[in-house]
Amino acid sequence: MIYVDADACPVKPEILKVAARHGMEVTFVANSGLRPSRDPMVKNVIVSNGFDAADNWIAEHCGPGDIVVTADVPLAARSVATGAMVTGPTGRVFDQSNIGMATAMRDLGAHLRETGESKGYNAAFSPRDRSSFLETFDRLCRRAKAYAPPTGDIP
């Protein structure tokens, strides 16, 4: 299953294209309306406007072998903890080896913005970011399809 933090996701068309090629289900989760799809492999979940409602829904539903697409580092950390494979819309992969540093850098950036040391402008989403996402997302889809959950009956 692919879960997408969809409120501000710039790569929704790319996700649909790659997921269709791999025959994988996609769930878009958002606080506001999403364009409905006739594709039975695409599901839209609208959550309340509550703080982190979409993030909470995704974190509660994702697990090993799933893919989560989000730019939100705290959601990425929660998803990695469940065993999900996580990528941002720029193709940045979050996993056990780098989620601690990503969280620390996010917290440092927030502190610098709060103290006025940084304006906190994000770089514009570029064609290179889109290309990097497509490459990463396709690789994660192949890995997810090959995922075999551990079984307890192997001696």
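Nothing fancy with the numbering, it's 1 onward along the sequence. Atom set for the values below is all heavy atoms of this structure, side chains included, hydrogens, waters and symmetry mates excluded.
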Donor-acceptor contacts under 3.5 Å from residues 36-44 side chains, at least two apart:
unit_1 : atom_1 : unit_2 : atom_2 : d
Ser37  : OG     : Asp39  : N      : 3.1
Asp39  : OD1    : Met41  : N      : 2.8
Asn44  : ND2    : Arg35  : O      : 3.2

Sequence neighbours excluded, the answer for side-chain contact (heavy atoms from CB on, under 4.5 Å) partners of Pro64 is Tyr147
Taking side-chain contact (heavy atoms from CB on, under 4.5 Å) as the test, write out the residues that go with Ser131, two or more places apart. none
Can you list everything that forms a side-chain hydrogen bond (donor to acceptor under 3.5 Å, both in side chains) with [X]? Sequence neighbours excluded, please.
X      : value
Thr87  : none
Asp7   : none
Ser126 : Asp129
Asp66  : none

Are Val93 and Val86 co-members of a hydrophobic cluster defined by side-chain heavy atoms under 4.5 Å apart? no
Enumerate the residue pairs fulfilling ring-ring contact (aromatic ring centres under 6.0 Å, His included) with a member in residues 28-54, sequence neighbours excluded, ordered by first and then second residue. none
Which residue pairs pass the ring-ring contact (aromatic ring centres under 6.0 Å, His included) test with at least one member in residues 126-145, sequence neighbours excluded? Phe133-Phe137
Can you pull out every side chain to side chain donor-acceptor pair (under 3.5 Å) where at least one residue sits in residues 45-65? Sequence neighbours excluded, please. Asn56-Arg78
Listed pairs under 3.5 Å, donor-acceptor, residues 14-23 side chains, sequence neighbours left out:
unit_1 : atom_1 : unit_2 : atom_2 : d
Glu14  : OE1    : Arg130 : NH1    : 3.4
Glu14  : OE2    : Arg130 : NH1    : 2.8
Arg21  : NH2    : Asp138 : OD1    : 3.0
His22  : ND1    : Lys145 : NZ     : 3.4
His22  : NE2    : Asp138 : OD1    : 2.6

Check step by step if side chain to side chain donor-acceptor pair (under 3.5 Å) holds for Asp72 and Thr70. CA-CA 5 Å; Asp72 185 270; Thr70 184; 5.0 Å; no
